[in-house]
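Worksheet for the structure shown next.
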Amino acid sequence: MGLSVPIGAGVVSAVVGFTSSFTVVLAGLRAVGASPAQAASGLLAVCLLQAVGMIVLSLRHRIPVVLAWSTPGAALLATTGMVAGGWPAAVGAFVVVGVLVVITGLWSGLADLIGRIPMPVAQAMLAGVLLPLCLAPVTALAHDPAVIAPILLSWLVLLRYSPRWAVPGAFGVAAVVIVVEVIRAGSHVDAASLVPQPVWTTPHWTFQAVTGLAIPLYIVTMAAQNVPGVAIMTSFGYRVPWRASMSVTGVGTVLGAGFGGHVINLAAISAALAAGPQADPDRERRWVAAVAGGVSYLVLGVASAAMATLVVLAPAGVVQAVAGVALLATLGSAIAAAVGSDGGSVHHRTAAVATFVVAASGTAFVGIGSAFWALVVGIVVFIVLRPRDAGTAEH
């Protein structure tokens, strides 16, 4: 058997990963202050840097190390909104996240500290962050059913018959809707906007951006991407090179921050497409799929500006509808992990619900977003309600 199977699997994993969530990335970057050009530059940066990281790690270790941008992290940006200091401060927060990821790989103490955050609290924070975005398709449908209904119906039908293509298919229908609207309205598309252009922003650091954006973004990335990414790879019999992976993704995040990239990390869902048996019956050759995925992301990076332009031209509610359905599975997983499949213990559940409510409120206090305060409230409630005989071993 030739290499066509793993190469095809790598291409599919990249295309599915890109089309399933790039709208969330653009929405998140715009929410924290990026201009359309800066958001397009950020999408280009994460595409190229994760591509290089995938190729380097997979060639070096001969295992399918798949990287991705942090989709839950982008959702966090979308719900956090502008921070003190504006877009430059958000870029500074991205740099901080990258540095923290590098330290996590080099120093086990930080990884242990993150591991001490109760999982129900971390997952409930993520669920609360995702909820407003997942409600967007409902409000969009009520506002303009003729435009939004075809997008949601295509997603539902594909979810039934070909789940991995459900969100890309919904985006495909959305793209048709956007093109029809552009033609109908006679909108002008500047050819220069279709060409990817890196846009530099000098980072700026503020206390509110570091505490309200960088710290929650780091925790979400670790809890919702890196840790599940390792678990998925382990389930297929691979041992992830932890230090190397954290170093590559952390340094890549720092390098991409000035160009608008938020975070790159280990992939979770798309990793299964490249590391599973469908990528190649011979597990020793599946690293080829990851390399092919990396090359595919280089090509997709070239198309990132055109995709960003398409999003800018979209009628109200279209992008939000696609982003909302793209995040539904993640929301479901976060809720299940927060309360436990068996309902969890009373103090776990109460702490998770308190965290969820604060995060979903979107309320900022002293200039710091709700995600940070959700963590604080959740941890405090967890500690106060923890049974006395649980001891310090329970987290």
Side-chain angles (χ1 to χ4, degrees), residues 10-52 54 67-71 74 77-78 87 147-148 150-151 154-155 158 165-201 256 258-262 264 270 292-326:
V11 173
V12 167
S13 69
V15 171
V16 170
F18 182 93
T19 56
S20 294
S21 57
F22 83 92
T23 55
V24 183
V25 173
L26 292 173
L29 296 176
R30 291 297 306 278
V32 292
S35 67
Q38 289 167 334
S41 174
L43 182 60
L44 172 65
V46 290
C47 279
L48 298 184
L49 288 166
Q50 71 191 36
V52 172
M54 289 168 63
L67 304 183
W69 54 61
S70 176
T71 301
L77 302 183
W87 172 242
V147 171
I148 305 302
I151 298 173
S154 64
W155 166 77
L158 285 170
W165 293 104
V167 177
F171 171 72
V173 174
V176 172
V177 170
I178 296 169
V179 170
V180 170
E181 177 62 21
V182 169
I183 295 174
R184 187 190 66 80
S187 302
H188 172 70
V189 179
D190 185 2
S193 67
L194 304 179
V195 180
Q197 297 180 357
V199 179
W200 173 259
T201 299
F259 296 101
H262 64 305
I264 59 173
S270 57
V295 174
S296 299
Y297 268 112
L298 292 176
V299 176
L300 290 168
V302 175
S304 60
M307 295 295 100
T309 300
L310 196 66
V311 167
V312 170
L313 296 172
V318 168
V319 174
Q320 292 82 350
V322 176
V325 296

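Everything numeric in this text was worked out from a predicted model, so none of it was measured.
Of all non-hydrogen atoms in A308 and A40, the two that sit nearest each other are CB-CB, 3.6 Å. Looking at every heavy atom in both residues, S154 comes nearest to I151 through OG-O, 2.7 Å. Taking both residues in full, the closest heavy atoms of G301 and C47 are given as CA-CB, 3.8 Å, listed atom of the first, atom of the second, then distance. Across L158 and G169, no two heavy atoms sit closer than the pair CD1-CA, 3.5 Å. Between A14 and S296 the shortest heavy-atom distance is CB-CB, 3.5 Å. Across all their heavy atoms, V312 and P36 have their closest contact at CG2-CB, 4.1 Å.
No donor-acceptor distance shorter than 3.5 angstrom exists from the side chain of S41 to the backbone of A37, with no hydrogens or angles considered. Panel note: side chain Q320, backbone G317; a donor-acceptor pair is recorded below 3.5 Å. Side-chain atoms of S13 come within 3.5 Å of backbone atoms of G10 as a donor-acceptor pair (strictly under, hydrogens ignored). In terms of modelled atom types and a separation under 3.5 Å, the side chain of S304 and the main chain of L300 share no donor-acceptor contact. Remark: the backbone N or O of S70 is paired with a side-chain donor or acceptor of H262 at under 3.5 angstrom.
Using a 4.5 Å heavy-atom cutoff, the side chains of V302 and L298 are not in contact. Here the side chains of V199 and F259 are not in contact, with every heavy-atom distance at 4.5 Å or above. Side-chain contact between P315 and I178 is present, with at least one heavy-atom pair separated by less than 4.5 Å. P198 has its side chain within reach of L44: a pair of non-hydrogen atoms, C-beta onward, lies under 4.5 Å apart. The side-chain heavy atoms of T71 and V25, taken from C-beta on, include no pair separated by under 4.5 Å. Within the 4.5 Å cutoff, the side chain of W87 has heavy atoms near those of the L29 side chain.
For residues 25-36, the set of pairs meeting the side-chain hydrogen bond (donor to acceptor under 3.5 Å, both in side chains) definition, not counting sequence neighbours, comprises S35-Q38. Residue pairs meeting the ring-ring contact (aromatic ring centres under 6.0 Å, His included) criterion with at least one partner in residues 12-47, sequence neighbours excluded, are F18-F22, F18-W69, F22-F171.
Distance CG/L49 to CE/M54: 13.0 Å, rounded to 0.5 Å. Rounded to the nearest 0.5 Å, atoms OG1 (T23) and CG (L43) are 10.0 Å apart.
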(message) With side-chain contact (heavy atoms from CB on, under 4.5 Å) as the criterion, how do V176 and V180 come out once you've worked through the C-alpha distance, each side chain's angles and the decisive distance to 0.1 Å?
(response) CA-CA 6 Å; V176 172; V180 170; 4.3 Å; yes
